[in-house]
Amino acid sequence: MSVIDGQVAPGPGGLCQKGWTAGELLRHPGRLTTPLLHGEPVSWDDALDFVAARIRSYEPDEVAVFGGGGLTNEKAYALGKFARVALKTSQIDYNGRFCMSSAAAAGNKAFGLDRGLPFPLTDLKTADAVLLAGSNPAETMPPFLRHLEGPRLIVIDPRRTPTAERATLHLQPAPGTDLALALGLLHTAVVEGLVDKEYIAERTTGFDDAWRVAAQWWPEQTERVTGVSAADQRAAVELLAGRSYILTGRGSEQHASGTDTVSAFINLALALGLPGREGSGYGCLTGQGNGQGGREHGQKADQLPGYRKIDDPAARRHVMDVWGVSELPGPGRSAYELLMADDVKAMLVFGSNPVVSAPRAAGVADRFKALDLLVVADFVLSETAAMADVVFPVTQWAEEDGTMTNLEGRVIRRRKALDPPPGVRSDLELLNGLATRLGVPAGFPVVPREVFEELRRASAGGLADYSGITYDRLDAERLHWPVPSTGHPGTPRLFLDRFAHADGLARFVPVDHRGPAEPPDAEFPLQATTGRVLQHYQSGAQTRRIGELMKAVPEMYVEMHPDTAARAGLEAGSLAHVVSRRGRVTAAVRCVPSMRADAVFLPFHFPGDGRANLLTNPALDPTSRMPEFKVCAVRLERA
Amino acid sequence: MRRIVIVGYGMAGARLADEVRRRDPGVHLTVVGAEPHAAYNRVLLSTVVAGSMTPESTRLHDDDWAERHDIDLRLGCGVEEIDRAARTVRLTSGEEVGYDALVLATGSTPWVPPAEGLLEDGALAPGVVAFRTLDDCAQIEAKAAKGMPVAVLGGGLLGIEAARGLAGRGCLVTVVHPVGHLMERQLDPGAGTVLARTLGRLGIEFRLNSLAAKYLPGDGLVLDDGSHVPAELVVVSAGVRAETSLAVAAGLTVDRGIVVDDALRTSDPRVHAIGDCAQHPGTVSGLVQPAWDQAAVLADRLTGADPAARYRGTSVVTRLKARDVDLAALGDVHTDVDCPDSEVLCFQEPSRGRYAKLVLRDDRVAGAIVLGAPDAAATITQLYDRGIPAPTDRLALLLGRALPAEAASPADLPSSAVICRCNTVSKGQIVSAWRAGAESLPQLAEATRATTGCGGCKDAVCGLLDWLGASQPQPA
């Protein structure tokens, strides 16, 4: 994609309406062009001085940083370093925790390494079949579907989404039962004689333990829990045996048992002998613009650059050497825990809008009100920025250089196309200005290429090794990490010879179904699930400012079966309250005959009393600390 | 330290041990199992008989399970006697083991019909095998050969699963059943008849309303009407009886099974019973789901994780596990279509093996039989289990997956219909662009952006182009 005269032109992969209209925000009247202090315009120096002075009055761990998966690699890296070196706080995490963390944890367990797709995206075209477990790319990233035109498509989704409509086979499990379905599919694969015994023996370990659990999920048992017929389970597994790919998305990951759910799908992929072979595999479909790169370079509570673990002494030593410091804080708290931590006095938010996007959003908003200091860097006045003591107006995508790492682990250059409006500075300039005022004048360059040069050294030897990548190489080559030297061609396909565990073997992880953290009951008899619509992105702070998109999807709505609506005294177009134990959402009713009668769907892009996350359950996955966005118990009332 | 002793290492006992350990790593746990090997999943035995699973893969635990979980496991060992006063059990090895809580999970034993010659000295005669244990399966596997005549005694759920498995192995199977239709506990006569017809097409023969009178080793069975069924192997699957002898000897209250309350206590509050050997008003025996539900409740109580846990019964859904036969039955199925208090729907298509009956009360599914309609079975089971009101379109529910609507002709679409979802382009916009001169796909894409996202609407846009072209007045 490129920008010509402020107009967006697509790359070869195609664009959806969000892409076409993204240029509108560059010169949007709502664009922030001056720092705000308690709502009043002030100079950059005054705003920076104010924030630095306040930060100096707190203990390091009383200051928290909340980042975003949309930030470039350079900004994500600089933010992690800023927190640990300039603020000396351990309290940093980011909204990618709400997005990628379950798949990342499961990938690390199984393969010893987490890269969204461990193969090039274009490999998908050659497959016989692709299973999408909880992903709706027809709405969330339409151009991706061009890679799925050849293979037969199996879609697992409680809703009949536009993606499901294009599938050869749509499996429609009850919300929160994906893990049981994955266990049932593994069981069926064994009974149908479709597992690759040679591969299991040579390239994996732990099958027997995983099987002992899956043995208790014969198809009819699985059918009873999930609602997916035994016949469809058999059909799915038969389609998958061969050259196929299993891909997970947020639908399987955003649960209190999300890590285990992904593990169960990886177990299925391993049993079928898919990963680590050309022409088949397992992958996770990364959500945000830089969902992959954003989780590799240190804005995560437990990580240092290069996908290093912050509690690994060797990793710490390496990074301290690169940063020229003699100490580093340890691991901090996960996103939701950090947002809600009452020992945090100051919060610095970059590229995120948690008042809309975090679970149990009303609680997060209350917590933000109670902070001493809330600082937000954004380019529009998001709902979170509107609450901030200080707002810094920063650059956006077309106005800055940098790199992103896409879902296949390929590092991509982003080139500056326009100068930012006067008054707007980059996040790197903001961090530099704060660090200088906090007494750390060196180490925070404002030129992205310089930051990237340092990121190369910091990531050298790590799992996500960028040391062989340069801006110049990126201009000429397609480079997938790891790239351990400038002569290295990159690694489009991982695991062909061995997996990343010390013994080279992939691990089956024995996992069992637990069900949703909040089962429906008499008081809250329905299950709500949340997700995206094509025309909006994330919290909607950007896309709700674009006329064409708002014309298409102007207001909060809730989808339900016509019978469900009728029983609640509602009809298409009427206003409903959707109520959970945590809050109440007002939404226009849409009747959708393909919905389950016991489930409703809410998009999460709307503000105020239309925030789907007023309802969601902050039950956290024990491993990934991912909240259970995808299912909570609700009831319907007439508004 | 508290001591829990579980007598029985079948599906109920093994599950209880797992559930207790998960909640309490410390409590002293002894498990006594009569069979010589690790617990296995009895539900999968029909899959073993069908040849699609190995006996090994039905095992619930590995060899080192007991060691890893610090469980005192006694295999190949029975309990001779319970001394409730001393709170000990005496094992067949002579050893006495003390308990603070005792759980009987002794399961059930096959019932053998009273035909002459089936039993020899109290044991099954040569050529006669029960269908109950892994060893039984091994025997069936070893004996059943392609083309061999086999008789199955009992046309209930398990008998039919065994018959289907054996037919799949190439055996010539005859099912002998004392009632006029198959699976009479779960099916009405209409469904039983369609099921027999479906199984008949798979090579299985039936002798209904028939009792075996005499077993002739190596030859077969003589039935009560004097007719003859050839069989070199007889598989007995005529029902089970709760194994209650220990409980009776210990003076516990026993009816058909060991009587338990909602806390799963027997008449002695220190002694509990779960699974097939237990009799609770809320359930029927012979199924695994009640045993698993009971294990969870009892583990909650014995470990103190939830002292208030109670077992309230299990709603039973019967699901036949037999290749190419898809059958589910649940709830009250014996209500007739003309019953005034219920709404009953019935659909029959015996020639294609389909039968569906739905009993509704207060808008909820009260019972159903679904044969040959897998999607309907899955959906109706969910409605039943979750108490979801049935959809107003009863017919669609009964028939399963709604048929895909015919793709609408471009002419019939309203102008507001969205054709390109990625870019929110309606039919009206495409028509306007065409009228303004965009008469090819690239021109339309340029003008409206339709097809430039995921590309999925290309066929629809081409269809519109054809329609628009065809509707243009032809030059004279």
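Throughout, protein chains are lettered first and strands after them, A, B, ... in sequence-line order, and every chain is numbered starting at 1. Values below: every heavy atom of this structure, side chains too, minus hydrogens, waters and symmetry copies. Predicted model only: the values in this text are computed from it and were never measured.
The contact between A:Arg166 and chain B is made entirely by side chain atoms (from C-beta outward), counting heavy-atom distances below 4.5 Å. Proximity to chain B is limited to the backbone of A:Thr226, based on heavy atoms less than 4.5 angstrom apart. With a 4.5 Å cut-off on non-hydrogen atoms, A:Thr177 touches chain B through its side chain but not through its backbone. Neither the backbone nor the side chain of B:Ala328 has a heavy atom closer than 4.5 Å to any heavy atom of chain A. Heavy atoms of B:Val288 lying under 4.5 Å from chain A belong exclusively to its side chain. Using a 4.5 Å cut-off between heavy atoms, A:Val213 does not touch chain B at all. When heavy atoms are compared at a cutoff of 4.5 Å, A:Val228 approaches chain B solely by way of its backbone atoms N, CA, C and O. Looking at A:Gln527, the atoms closer than 4.5 Å to chain B (heavy atoms on both sides) all sit in the side chain, from C-beta outward.
Counting heavy-atom pairs closer than 4.5 Å to chain B, the top-ranked of the candidates A:Val225, A:Asp598, A:Leu145, A:Thr564 is A:Asp598. Listed options B:Lys321, B:Arg59, B:Met53 were ranked by heavy-atom pairs under 4.5 angstrom with chain A; first place goes to B:Lys321. The greatest number of non-hydrogen atom pairs below 4.5 Å with chain B, out of A:Arg567, A:Glu548, A:Gln535, is found for A:Arg567. Chain B forms more heavy-atom pairs under 4.5 Å with one residue of A:Pro219, A:Pro162, A:Pro137 than with any other, namely A:Pro162. When each of B:Val418, B:Thr424, B:Asn423, B:Thr58 is checked for heavy-atom pairs under 4.5 Å with chain A, B:Asn423 comes out on top. Between chain A and the residues B:Ile380, B:Asp62, B:Leu383, B:Asp363, the largest count of heavy-atom pairs under 4.5 Å involves B:Asp62. For the set B:Leu44, B:Leu320, B:Thr379, the count of heavy-atom pairs under 4.5 angstrom toward chain A peaks at B:Leu44. Heavy-atom pairs under 4.5 Å with chain B peak, among A:Pro525, A:Ala552, A:Ala231, A:Ala215, at A:Ala215. Chain B forms the most heavy-atom pairs under 4.5 Å with one residue out of A:Val190, A:Asp209, A:Asp208, and that residue is A:Asp209. Most heavy-atom pairs under 4.5 Å with chain A: of the set B:Thr381, B:Ile388, B:Thr451, this distinction falls to B:Ile388.
Defined by atom type and a distance below 3.5 Å, a donor-acceptor pair is missing between the side-chain atoms of A:Trp218 and B:Asn41. Between the side chains of B:Gln382 and A:Arg596, at least one donor-acceptor pair of N or O atoms lies under 3.5 Å. No donor-acceptor contact under 3.5 angstrom links the side chains of A:Arg159 and A:Gln172, judged on distance only. Counting only N and O atoms by type, the side chains of B:Gln429 and B:Ser426 include a donor and acceptor under 3.5 Å apart. Side-chain polar atoms of A:Trp217 and A:Asp512 form a donor-acceptor pair below 3.5 angstrom. No side-chain N or O of A:Gln221 forms a donor-acceptor pair with one of A:Gln216 less than 3.5 Å apart.
Scored by the salt bridge (charged side-chain N to carboxylate O under 4.0 Å, His left out) test, A:Glu149 finds no partners at all (sequence neighbours excluded). The ring pair (Phe, Tyr, Trp, His ring centres under 6.0 Å) test applied to A:His605 returns A:His536, not counting sequence neighbours.
The NE2 atom of A:His147 sits 3.5 Å away from atom CG of A:Leu121, with the distance rounded to the nearest 0.5 Å.
Residues B:His61 and B:Tyr40 keep their aromatic ring centres 6.0 Å or farther apart.
Of all heavy-atom pairs between A:Asp563 and B:Pro391, the closest is OD2-CA, 3.0 Å.
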